[in-house]
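Chain identifiers are assigned alphabetically (A, B, ...) following the order of the sequence lines, protein sequences preceding nucleic acid strands; residue numbering begins at 1 within each chain.
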Amino acid sequence: MPHLNLEYSDNLRKLNVDVLLLRLNHALVGSGQFADEADIKSRAEAFRHFRVGTSPGERAFVHVRLAILSGRSPEVKTLLSSSLLDVLREAIPARPGLDIQLCVEVLDIDREPYAKLRLPG
Amino acid sequence: MPHLNLEYSDNLRKLNVDVLLLRLNHALVGSGQFADEADIKSRAEAFRHFRVGTSPGERAFVHVRLAILSGRSPEVKTLLSSSLLDVLREAIPARPGLDIQLCVEVLDIDREPYAKLRLPG
Amino acid sequence: MPHLNLEYSDNLRKLNVDVLLLRLNHALVGSGQFADEADIKSRAEAFRHFRVGTSPGERAFVHVRLAILSGRSPEVKTLLSSSLLDVLREAIPARPGLDIQLCVEVLDIDREPYAKLRLPG
């Protein structure tokens, strides 16, 4: 906890996704909501097969799902999504001819059955 | 919003997934639940590593997860899942020797922290 | 139902993911919670682009998301996550120089709109 999944359409070819993941993690650390930076587990996936709407124009999307243990207030969640959207906005400029949607979702992980083990290596 | 994830086992090799995504999006537009067709962001992923159950027979699955902003009634959600399952059924015929499961799940996106930005290009 | 998604960082190169999926499915069958073993649909995905935290040390994660139809008790969910974590622990040994996190999450599928069709082949 937290888990972050970054999903995006692969017509955003110039996206430096490793840098983006690190920036998203820094934004989460900067929120002060997570005790240990190492807890933040982020991953990204580009989708080759996607479809935005039904019209023929070229479109793209970036979707961040942030899953955190249940119990945080709506205000805290809104601050988190807002700071993650800021990171997306800085990393992904508008592009002529491409309609891009940036989205951030925050969802709860049911705290009680969540099980975790760390193997420090 | 909405976000649709189509996950399937890659032993369904002849699936035309781009056509399927477009048909799923048309079904969502046809539901009258979404103001702007461009809001529908659908993507598909084939899984090379999968396992259905524990028995040795060949099996396959297709799973649609539709995530919509919270607040819709159970009746509306059931209509949505039912119309998406109809699309799957038309696109995916039974195959001798292959046990296929088609599933549609509807889940809520927490409305309050959901953040979005559109860069029209 | 149930659906299991195994996500992991692809620096866990020696992971035999097909064997692991089968073991996870056997643990679910062994729980006695699922009437038909064939209902268990598990899939795995390795992430090439991932980032754990913000520090430079090498880190890895394995995350199981188990989605089951709503209605089960917290105790049952905790038993399920605990038995899945046991499987992960047996399959994934500690590795010198690599900080590994193993996580299991259990989440509900909204029962009412869930739609399913089986094509027995």
Side-chain angles (χ1 to χ4, degrees), chain B residues 5 7-12 27 45-68 70 72-108, chain C residues 1-8 10 12-13 15-32 34-48 62 64-70 84 87 91 107-121:
Chain B
N5 286 69
E7 300 188 349
Y8 62 102
S9 55
D10 82 344
N11 54 350
L12 291 170
E45 182 177 5
F47 285 83
R48 195 159 61 90
H49 297 284
F50 68 93
R51 180 83 205 189
V52 180
T54 52
S55 294
E58 197 180 0
R59 293 161 171 177
F61 71 87
V62 180
H63 182 208
V64 167
R65 268 187 302 120
L66 175 70
I68 57 177
S70 50
R72 282 181 178 77
S73 71
E75 290 75 24
V76 164
K77 292 179 185 176
T78 301
L79 281 173
L80 288 169
S81 65
S82 163
S83 69
L84 295 176
L85 187 63
D86 285 346
V87 174
L88 295 183
R89 182 166 36 196
E90 279 173 36
I92 301 155
R95 241 182 253 188
L98 184 61
D99 184 336
I100 308 175
Q101 295 180 57
L102 311 177
C103 318
V104 181
E105 174 187 357
V106 181
L107 61 155
D108 280 340
Chain C
M1 207 281 305
H3 290 277
L4 186 150
N5 285 70
L6 171 71
E7 299 188 350
Y8 62 103
D10 81 345
L12 291 170
R13 275 176 216 92
L15 193 61
N16 187 329
V17 73
D18 293 312
V19 167
L20 179 52
L21 288 177
L22 183 56
R23 285 185 187 163
L24 291 165
N25 286 10
H26 273 293
L28 292 175
V29 168
S31 74
F34 308 108
D36 184 352
E37 52 82 28
D39 283 343
I40 302 169
K41 290 167 283 293
S42 296
R43 54 273 207 184
E45 182 178 5
F47 285 84
R48 194 158 63 88
V62 180
V64 166
R65 268 187 303 119
L66 175 69
I68 57 178
L69 284 180
S70 49
L84 295 176
V87 174
L107 60 155
D108 280 341
I109 295 176
D110 190 2
R111 185 180 285 272
E112 205 164 338
Y114 188 66
K116 186 175 160 182
L117 180 71
R118 189 164 176 178
L119 307 171

| request: Using the side-chain contact (heavy atoms from CB on, under 4.5 Å) rule, take C:Leu4 and C:Ile40 through it: C-alpha gap first, then chi angles, then the decisive distance, then the call. | output: CA-CA 8 Å; C:Leu4 186 150; C:Ile40 302 169; 5.5 Å; no

| Who among B:Arg95, B:Arg59, B:Lys77 has the most heavy-atom pairs with chain C under 4.5 Å? |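 Among the listed options, the one with the most contacts to chain C is B:Arg59.
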
| Of the listed residues (B:Val106, B:Leu88, B:Asp108, B:Val104), which shares the most heavy-atom pairs with chain C below a 4.5 Å separation? |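 The option with the most such pairs is B:Val104.
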
| said: Which atoms of C:Asn5 are under 4.5 Å from chain B, going by heavy atoms: the side chain, the backbone, both sets, or neither? | reply: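 Looking at C:Asn5, just its side chain touches chain B.
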
| Taking the side chain as C-beta and beyond, is there a heavy-atom pair between C:Asp110 and B:Glu105 under 4.5 Å? |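 SC-SC contact between C:Asp110 and B:Glu105 ruled out.
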
| Which region of B:Leu98, side chain (C-beta onward) or backbone (N, CA, C, O), has a non-hydrogen atom less than 4.5 Å from a non-hydrogen atom of chain C, or is it both or neither? |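 The backbone, not the side chain.
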
| Using non-hydrogen atoms only, which part of B:Glu7 is less than 4.5 Å away from chain C: side chain, backbone, both, or neither? |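 Only the side chain of B:Glu7 comes within 4.5 Å of chain C.
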
| message | Quick one, B:His63 with C:Lys41, criterion side-chain contact (heavy atoms from CB on, under 4.5 Å). Give me CA distance, side-chain angles, the key distance, then yes/no. | response | CA-CA 9 Å; B:His63 182 208; C:Lys41 290 167 283 293; over 6 Å; no

| Among C:Val17, C:Leu22, C:Leu28, C:Leu24, who wins on heavy-atom pairs under 4.5 Å with chain B? |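 Of the options given, most contacts go to C:Leu22.
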
| field | Criterion side-chain contact (heavy atoms from CB on, under 4.5 Å) on B:Arg51 and C:Asp18, from CA distance to verdict | value | CA-CA 7 Å; B:Arg51 180 83 205 189; C:Asp18 293 312; over 6 Å; no

| field | Residues C:Arg43 and C:His3: side-chain donor-acceptor under 3.5 angstrom | value |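 Yes.
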
